[in-house]
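Working notes for the structure below.
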Amino acid sequence: MTEFQQKVYEVVRGIKKGSVMTYKEVAIAAGHPNAFRAVGSLMKQNYDREIPCHRVIRSDDKVGEYNRGGSERKAEMLREEGFRR
DNA sequence: TAGTTGACCGGAA
DNA sequence: ATTCCGGCCAACT
């Protein structure tokens, strides 16, 4: 468990309902401004419900992918929480 | 140990 | 505006 990893989890875990962060923002918050790719890698490896990985989206305002085999479900969850588009 | 891949980003065509 | 290309980090083979 690297500090980068635990930091990322901590940040994602702290995302409030109705709020969303981009992978880059999370990477920056974790202290690795250019490790936004690694963030996604960790998310896909992590299946813990304590970590709302569905609150993390791309900088292009695109929802991105999601585990459990359903990027659409992720978009649906976000929409239901109040995130538009 | 080295090479390839991916839930990405930003700039260029 | 959309599509292509290179670059970066961690994990996997």
Side-chain angles (χ1 to χ4, degrees):
Chain A
M1 183 67 102
T2 70
E3 58 182 319
F4 164 68
Q5 187 176 126
Q6 68 180 9
K7 190 74 178 188
V8 171
Y9 286 131
E10 184 178 287
V11 173
V12 177
R13 196 186 312 169
I15 302 177
K16 293 190 293 299
K17 182 174 178 245
S19 247
V20 290
M21 287 186 77
T22 67
Y23 292 95
K24 188 196 250 189
E25 287 296 302
V26 175
I28 294 170
H32 292 245
N34 24 336
F36 39 85
R37 302 186 92 153
V39 175
S41 297
L42 294 175
M43 302 275 87
K44 93 171 163 180
Q45 282 163 49
N46 172 67
Y47 278 69
D48 197 326
R49 302 134 68 85
E50 303 302 298
I51 302 170
C53 19
H54 60 271
R55 299 270 177 77
V56 187
I57 62 174
R58 292 181 42 152
S59 312
D60 310 278
D61 299 296
K62 296 175 188 49
V63 185
E65 288 299 312
Y66 188 65
N67 56 21
R68 210 72 190 283
S71 52
E72 300 190 8
R73 174 171 291 174
K74 174 176 175 181
E76 194 65 20
M77 296 168 81
L78 291 171
R79 189 177 64 152
E80 192 131 346
E81 290 184 359
F83 181 67
R84 310 303 159 112
R85 197 178 10 176

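Here is the naming used below: chain letters follow the sequence lines, and residue numbers restart at 1 for every chain. The analysis underlying the following values was restricted to heavy atoms, covering all of them including side chains, and did not include hydrogens, waters or symmetry mates.
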Check step by step if side chain to side chain contact (heavy atoms under 4.5 Å, CB included) holds for A/Val39 and A/Lys24.
CA-CA 8 Å; A/Val39 175; A/Lys24 188 196 250 189; over 6 Å; no

Of residues 4-14 of chain A, the positions that come close to DNA chain C - non-hydrogen atoms, cut-off under 4.0 Å:
A/Phe4, A/Gln5

Check against side chain to side chain contact (heavy atoms under 4.5 Å, CB included), A/Leu42 and A/Phe4
CA-CA 10 Å; A/Leu42 294 175; A/Phe4 164 68; 3.7 Å; yes

Atom CD of A/Gln6: over 12 foreign heavy atoms under 6.0 Å:
yes

Contact boundaries on DNA chain C for chain A, cut-off under 4.0 Å to non-hydrogen atoms:
C/dG7 to C/dA11

Within the 4.0 Å heavy-atom criterion, would you say A/Ser59 contacts the bases, only the backbone, or no part of the nucleic acid?
sugar-phosphate

Enter the distance from A/His54:NE2 to A/Met43:CE here, rounded to the nearest 0.5 Å.
11.5 Å

Here the pair of heavy atoms bringing A/Arg13 nearest to A/Pro52 is CA-CD, 3.8 Å

A/Val8 and A/Met21: same hydrophobic cluster, using ILVMFWY side-chain contacts below 4.5 Å?
yes

Going by number, which of residues 24-37 of chain A have a non-hydrogen atom under 4.0 Å from DNA chain C?
A/Asn34, A/Ala35, A/Phe36, A/Arg37

May I have all residue pairs that pass salt bridge (charged side-chain N to carboxylate O under 4.0 Å, His left out) and include part of residues 41-55 of chain A, sequence neighbours excluded?
A/Arg55-A/Glu81

4.5 Å side-chain heavy-atom contact, A/Val26 and A/Tyr9
no

With sequence neighbours left out, the residues meeting salt bridge (Lys or Arg N to Asp or Glu O under 4.0 Å) with A/Glu76 are A/Arg79

State, yes or no, whether a side-chain contact exists between A/Val56 and A/Glu25 at a heavy-atom distance under 4.5 Å.
no

What are the bounds, 5' to 3', of the part of DNA chain B that sits under 4.0 Å from heavy atoms of chain A?
B/dG6 to B/dG10

Main-chain N/O of A/Val63 paired to A/Lys74 side chain as donor or acceptor, under 3.5 Å:
yes

Shortest non-hydrogen separation from A/Ser71 to A/Gly64 and the atoms involved:
CB-O, 3.5 Å

